[in-house]
Undergrad: 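Next up is a structure, given as structure tokens.
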Amino acid sequence: MSGDPEEPSAPRIEVHDDGTALATAVAGELLTRLADLQAGGAEPQLALTGGSIADAVHREVARLAPDHRVDWSRVVFWFGDERFVEPESEDRNVGQASRAFLAAVGATQVHEVPSTSEVTDVDAAAAAYSEMLRRDGSGRFDLVMLGIGPDGHVASLFPRHPALEVSDRTAVGVTDSPKPPPARVSLTLPTLNRARAVWFLASGESKADAVARALDAGGTEAPTVSDCPARGVGGDTETTWWLDRAAASRL
Ligand code: 6PG
């Protein structure tokens, strides 16, 4: 790492025995990070992600939160992506996060992407979410957390999808997600990159190839961002890959 503040830092890779240990480690570091940011006077802007390892992390945050000094009324929550479904649908990332920890810790600043009962279509939801970020965001996330799909997708930005090329909007609508449900709102790559720190979360053998491709481990030719969207996201000062042994097995 050159130490040049402009040059992004090299990714940090943290490997834990299994998904359970990984979730505990990420939750502990998240709580410490939030407390440290607040101790420095910040009101942390945090973008959550959906998916199973994220849910495990969220549940560990709820369990470990009493041991940490985080003022949850001063954490500003966003979502890297959201499924465009009914508000009560089990598929909503905000609903999963609320059940896992947001309600338990008493989070009060949770910005929800509009659902099908608030706007007519996914593009209107993306436009409304973009306006929410412009109005209520700080212009930069302190931390963006991202799961990764077996195909290397992050948020709802999928390989070779036109949404990957969108740079003139904060959020974009997707109607043909290969991962169900098909209709989603995603932050765009430039928006995800407006982050001091980016944490990738990956657990299980099914992610090992995507992780290796994203980190360009031993491949003959580095995949493009279009082929592996995770390669298009990094933090200004930190990019950490939180992995279990199975997900790290091809590094
Ligand atoms: C979503 C997520 C998506 C997810 C990855 C990994 O809304 O579906 O944001 O990007 O993080 O697909 O999901 P798993 O951890 O469940 O494999």
Side-chain angles (χ1 to χ4, degrees), residues 16 18-23 25-27 30 46-61 77-87 89-100 102 110-116 122 125-126 129 141 143-161 163-164 171-189 191-193 195 198-214 225 228-233 240-244 246-249:
H16 294 270
D18 55 28
T20 303
L22 175 63
V26 176
L30 175 60
L46 170 59
L48 301 176
T49 189
S52 52
I53 184 60
D55 191 56
V57 168
H58 295 164
R59 293 180 186 285
E60 278 295 276
V61 169
F77 289 96
W78 302 92
F79 288 85
D81 71 330
E82 182 58 280
R83 291 81 176 281
F84 187 61
V85 292
E86 281 302 312
S89 165
E90 292 281 315
D91 280 338
R92 288 275 285 174
N93 287 333
V94 66
Q96 290 182 20
S98 298
R99 288 188 295 276
L102 292 175
V110 181
H111 294 281
E112 298 192 28
V113 180
S115 69
T116 53
V122 72
Y129 191 48
F141 296 108
L143 174 60
V144 169
M145 299 173 77
L146 291 169
I148 181 171
D151 59 1
H153 80 255
V154 289
S156 289
L157 300 175
F158 294 90
R160 294 169 294 284
H161 195 286
L164 278 171
V172 64
V174 172
T175 56
D176 52 353
S177 165
K179 175 180 180 183
R184 293 153 170 260
V185 172
S186 183
L187 295 182
T188 55
L189 281 182
T191 309
L192 291 173
N193 281 298
V198 170
W199 290 0
F200 293 97
L201 314 175
S203 172
E205 176 67 33
S206 70
K207 307 299 176 69
D209 183 53
V211 169
R213 292 170 71 239
V225 170
C228 184
R231 291 178 66 82
V233 187
T240 300
W241 285 81
W242 293 94
L243 310 171
D244 63 11
S249 58

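Every number for a ligand or one of its atoms is a count from 1 in the order of the listing. Keep in mind that the numbers below use all heavy atoms, side chains included, and drop hydrogens, waters and symmetry copies. When a residue number appears, it is its place in the shown sequence, counting from 1.
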Undergrad: Ligand 1: which residues have a non-hydrogen atom closer than 4.0 Å?
TA: T49, G50, G51, S52, I53, D81, R83, N93, G147, I148, H153, A155, K179, R184, K207
Undergrad: What residues, two or more places apart in sequence or in another chain, satisfy side-chain contact (heavy atoms from CB on, under 4.5 Å) together with A163?
TA: L157, H161, V172, V174
Undergrad: Ignoring hydrogens and angles, tell me if any N or O in the side chain of E86 forms a donor-acceptor pair with the backbone of T116 under 3.5 Å.
TA: no
Undergrad: Can you give the donor-acceptor pairs under 3.5 Å from side chains of residues 48-56 to other protein atoms, not counting sequence neighbours?
TA:
from : atom 1 : to   : atom 2 : distance (Å)
T49  : OG1    : G147 : N      : 3.3
D55  : OD2    : R59  : NE     : 2.9

Undergrad: Between R83 and D91 (side chain of the first, backbone of the second, donor and acceptor by atom type, cut-off under 3.5 Å), is there such a pair?
TA: yes
Undergrad: Are any side-chain N or O atoms of R184 and backbone N or O atoms of K179, one a donor and one an acceptor, separated by less than 3.5 Å?
TA: yes
Undergrad: Can you name the residues that form a side-chain contact (heavy atoms from CB on, under 4.5 Å) with V61, not counting sequence neighbours?
TA: A27, L30, L31, V57, W72, F101
